[in-house]
Every structure is written in structure tokens, then in C-alpha cells.
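One-based numbering along the sequence shown.
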Amino acid sequence: QVQLVESGGGAVQPGGSLRLSCAASGSIFRVYAMGWYRQAPGNERELVATIVNGGNTNYADSVKGRFTISRDNAKNTAYLQMNSLKPEDTAVYYCNTVVRLGPIGSFMDYWGKGTLVTVSS
């Protein structure tokens, strides 16, 4: 019922930049949080950055100072600006959202299909 569509992934050289976008759509009453996670080959999925409806953010230590998460509440869209990219940032990046489908509903979470970011010379 809820779909997340990521875009903006690609291949860049070390030190380069990318901006990822994630648009949530469907029968959503309210979006409470959106975030980005990533999974490198052979590793577990890890948190990159999250943003709640009040605007507060948190980041993984490995990306702090280089990545910035933001959102457009009117469009239910989250962005991840990625600067000073390193080879170790290479991973599939997944968008996640926490929503309510109605005013008395439970909190639900949904995942996008992921977008690949490759950082190499």
C-alpha cells in the first residue's frame, strides 16, 4: 500500500558527491520518520541517517560531517546529500519510512528497493 522510490544512485570517484531522493506514496495518514540505511556486500544493513517529523536528525558516526539528510514534508520525500565520498561508502542504499495509515492505526514501516552507490577510482 505504501511505496518508496529511491533515485540518485550511481558511480563516482572518491571525493565526489551524490544526492539521493526517496519519495513515499500511497494511503498514508502521516509520515513520522524517514531514513536511509545501507548494506555493503557481506555486511549487515546499517543505519546511515534518520529524520523525524519535527526535523531532528541523527547520523552514523562514519558519515557525520559528510552526509546531510533533509525532507520535504509536503511531498513526503527525503533526501541524502553525500559529500566527500569514500570507497567504503560503496553500498546499496535503502530508504525507510515510519508511517500511520490512519489516526488510530499502528506505526508501520516500509522499505524501498534500494539504489546502488559505487565509489571508486
Side-chain angles (χ1 to χ4, degrees):
Q1 300 184 44
V2 176
Q3 296 84 42
L4 298 177
V5 179
E6 301 110 329
S7 62
V12 296
Q13 294 185 344
S17 297
L18 287 172
R19 191 177 80 147
L20 307 183
S21 298
C22 173
S25 62
S27 300
I28 301 171
F29 173 71
R30 181 85 187 275
V31 174
Y32 291 91
M34 300 189 76
W36 290 95
Y37 296 71
R38 67 186 181 187
Q39 186 168 18
N43 293 342
E44 295 184 352
R45 189 173 299 183
E46 65 176 352
L47 181 148
V48 177
T50 60
I51 184 166
V52 299
N53 58 352
N56 289 344
T57 60
N58 72 291
Y59 298 89
D61 288 340
S62 60
V63 307
K64 204 168 291 184
R66 299 188 296 120
F67 292 7
T68 302
I69 188 170
S70 60
R71 86 276 189 245
D72 184 336
N73 290 334
K75 297 181 180 295
N76 287 337
T77 299
Y79 305 93
L80 186 68
Q81 180 65 46
M82 310 165 68
N83 298 327
S84 302
L85 283 162
K86 304 175 180 179
E88 48 263 46
D89 294 318
T90 296
V92 176
Y93 284 70
Y94 296 91
C95 182
N96 170 261
T97 186
V98 177
V99 305
R100 262 185 173 162
L101 304 183
I104 321 176
S106 300
F107 290 98
M108 309 286 289
D109 71 305
Y110 296 89
W111 293 89
K113 295 181 179 179
T115 185
L116 178 63
V117 172
T118 302
V119 185
S120 63
S121 299

Quick one: which residue pairs count as a ring-ring contact (aromatic ring centres under 6.0 Å, His included) with a foot in residues 46-101, not counting sequence neighbours? none
Pairwise distance [atom1]([X]) to [atom2]([Y]) - rounded to 0.5 angstrom:
X: Thr115; Y: Trp36; atom1: OG1; atom2: CH2; value: 7.0 Å
X: Thr90; Y: Leu85; atom1: OG1; atom2: CG; value: 8.5 Å
X: Thr97; Y: Met34; atom1: OG1; atom2: CE; value: 4.5 Å
X: Ile69; Y: Met82; atom1: CD1; atom2: CE; value: 11.5 Å
X: Met108; Y: Tyr32; atom1: CE; atom2: OH; value: 13.5 Å

Using side chain to side chain contact (heavy atoms under 4.5 Å, CB included) as the criterion, list what pairs up with [X], not counting sequence neighbours.
X: Val98; result: Ala33, Asn96, Phe107, Asp109
X: Ala60; result: Ser62, Val63
X: Ala40; result: Asn43, Ala91

Side-chain heavy atoms of [X] within contact of [Y], under 4.5 Å:
X: Thr68; Y: Leu80; result: no
X: Glu46; Y: Arg38; result: yes
X: Arg30; Y: Asn53; result: yes

Ring pair (Phe, Tyr, Trp, His ring centres under 6.0 Å) filter on Tyr37, not counting sequence neighbours, yields Trp111
Can a salt bridge be assigned to the pair Lys86 and Asp89 using a cut-off of 4.0 Å between side-chain N and carboxylate O? no
Below 3.5 Å, can you tabulate the donor-acceptor pairs from side chains in residues 1-24 to any protein atom, sequence neighbours excluded?
{"unit_1": "Gln3", "atom_1": "NE2", "unit_2": "Gln1", "atom_2": "O", "d": "3.3"}
{"unit_1": "Glu6", "atom_1": "OE1", "unit_2": "Lys113", "atom_2": "N", "d": "3.2"}
{"unit_1": "Glu6", "atom_1": "OE1", "unit_2": "Gly114", "atom_2": "N", "d": "3.0"}
{"unit_1": "Glu6", "atom_1": "OE2", "unit_2": "Cys95", "atom_2": "N", "d": "2.9"}
{"unit_1": "Glu6", "atom_1": "OE2", "unit_2": "Gly114", "atom_2": "N", "d": "3.1"}
{"unit_1": "Ser17", "atom_1": "OG", "unit_2": "Asn83", "atom_2": "OD1", "d": "2.9"}

Taking Arg66 for the side chain and Ser84 for the main chain, is one N or O donor matched with an acceptor at less than 3.5 Å? yes
How close do Asn73 and Arg71 get, heavy atom to heavy atom, and via which atoms? OD1-CG, 3.1 Å
